[in-house]
Amino acid sequence: MSHRNARLNFHGRLLLVHRIRVQGWAVAHAARAQGVSRQCAHRWVARFDAQGRAGLHDRSSRPHLMPTHTAAEVEAQVVELRRRERRGQDWIAPELGLRPRTVSRILRRHQVPYLHQCDPLTGEVIRASKTTTVRYERSRPGELVHVDVKKIGKIPPGGGWKAHGRQIGKTSAQKKARIGYDYVHSMVDDHTRLAYSEILPDEKGQTCADFIRRAARFSSSPGSPASNGS
């Protein structure tokens with residue numbers, strides 16, 4: 001594949017060949033006009049003579065022969081051992097006489113999920129990743145909820161320093177006065193994804209406990225997705 005600073009892409013190579021083979025340009029002149037060396041121009045002309053327009057497309061950089069490539073039988077053993085034992089490359093490699101890095105490449109090549117994405121008992125994928133759409137989810141509403149608190153600085157009436165600059169305030173006391181924080185408490189049901197949030201003055205134990213009680217009442221109230229699905 002051509003990189004972003006390449007002098008020639010497919011159309012540039014086609015123009016180079018057209019100038020040399022059709023318009024009769026000298027190779028050196030055509031190469032200079034397109035900012036490449038004569039050796040580069042000769043290479044593309046020779047490839048065009050041998051393969052036609054198809055020879056001007058990018059080729060894979062993968063070598064034709066790989067003498068040290070791991071045999072397919074060994075790769076199958078690596079994948080099977082991983083699925084059966086649910087162990088990492090540092091354990092699998094000595095068992096099969098391979099290097100850990102080789103085992104890691106084999107697992108990635110066969111798109112075997114990482115151990116931290118799998119259930120340690122069953123081996124099933126329970127966490128979403130960039131290469132899978134499987135999402136860990138409880139089967140019933142209310143079986144599992146996620147609770148979090150976000151600490152956010154308050155903004156004074158009329159806007160803060162982003163709007164008025166760092167020198168906001170008339171007196172030194174006003175400039176140094178601490179406005180405080182708001183605490184956004186949120187609870188999300190794992191099955192229904194129903195979310196409940198409140199802005200509270202702190203994140204102390206009693207405040208959090210009271211919030212969870214109110215969130216539970218909201219989730220179990222008539223008409224909510226959690227109560228309808230239970």
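One-based numbering along the sequence shown.
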Tell me, please, which residues at least two apart from Ala72 pass side-chain contact (heavy atoms from CB on, under 4.5 Å).
->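 Ala72 satisfies side-chain contact (heavy atoms from CB on, under 4.5 Å) with no other residue.
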Linked hydrophobic residues, Ile152 as query - side chain contacts closer than 4.5 Å =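 Besides Ile152, the cluster holds Val184, Ile199.
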Transitive ILVMFWY cluster of Met66 at side-chain heavy atoms under 4.5 Å: who else is in it?
->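 Met66 shares its hydrophobic cluster with no other residue.
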In short, ring-ring contact (aromatic ring centres under 6.0 Å, His included) pairs touching residues 58-103 with sequence neighbours left out are none
To the nearest 0.5 Å, how far apart are [atom1] in [X] and [atom2] in [Y]?
X      : Y      : atom1 : atom2 : result
Arg82  : Ile106 : CZ    : CD1   : 12.0 Å
Leu8   : Leu14  : CG    : CG    : 11.0 Å
Leu56  : Leu15  : CG    : CG    : 11.0 Å
Phe211 : Ser186 : CZ    : OG    : 6.0 Å

Name the atoms and distances for all side-chain donor-acceptor pairs under 3.5 Å in residues 24-37, with sequence neighbours left out.
from, atom 1, to, atom 2, distance (Å)
Trp25, NE1, Gln23, OE1, 3.2
Gln34, OE1, Leu16, N, 3.2
Gln34, NE2, Gly12, O, 3.0
Ser37, OG, Cys40, N, 3.2

Return the set of residues passing salt bridge (Lys or Arg N to Asp or Glu O under 4.0 Å) with Glu80 (not counting sequence neighbours), or none when no residue passes.
-> Arg84
Salt bridge (Lys or Arg N to Asp or Glu O under 4.0 Å) partners of residues 101-121, not counting sequence neighbours, each pair once |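 For residues 101-121, and leaving out neighbouring residues, the salt bridge (Lys or Arg N to Asp or Glu O under 4.0 Å) pairs sorted by first residue read Glu75-Arg109.
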Hey, could you give me each pair passing salt bridge (Lys or Arg N to Asp or Glu O under 4.0 Å) that has a residue in residues 198-207? Not counting sequence neighbours.
->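 Listed by first then second residue: Glu198-Arg214.
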Donor-acceptor contacts under 3.5 Å from residues 42-51 side chains, at least two apart:
from, atom 1, to, atom 2, distance (Å)
Asp49, OD1, Arg21, NE, 3.3
Asp49, OD2, Arg21, NH2, 2.8
Gln51, OE1, Arg59, NH2, 3.4

State, with a plain yes or no, whether a side-chain heavy atom of Val78 is found less than 4.5 Å away from one of Leu96.
->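 Yes, at least one pair of side-chain atoms sits under 4.5 Å.
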Going by heavy atoms in the side chains, are His185 and Cys208 under 4.5 Å from each other?
-> yes
Can you name the residues that form a side chain to side chain donor-acceptor pair (under 3.5 Å) with His146, not counting sequence neighbours?
-> Asp190
Residues forming a ring-ring contact (aromatic ring centres under 6.0 Å, His included) with Tyr114, sequence neighbours excluded |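 Per chain and number, Tyr114 pairs via ring-ring contact (aromatic ring centres under 6.0 Å, His included) with His116.
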Under the ring-ring contact (aromatic ring centres under 6.0 Å, His included) test, which residues partner Tyr183, sequence neighbours left out?
->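 Expected list: none.
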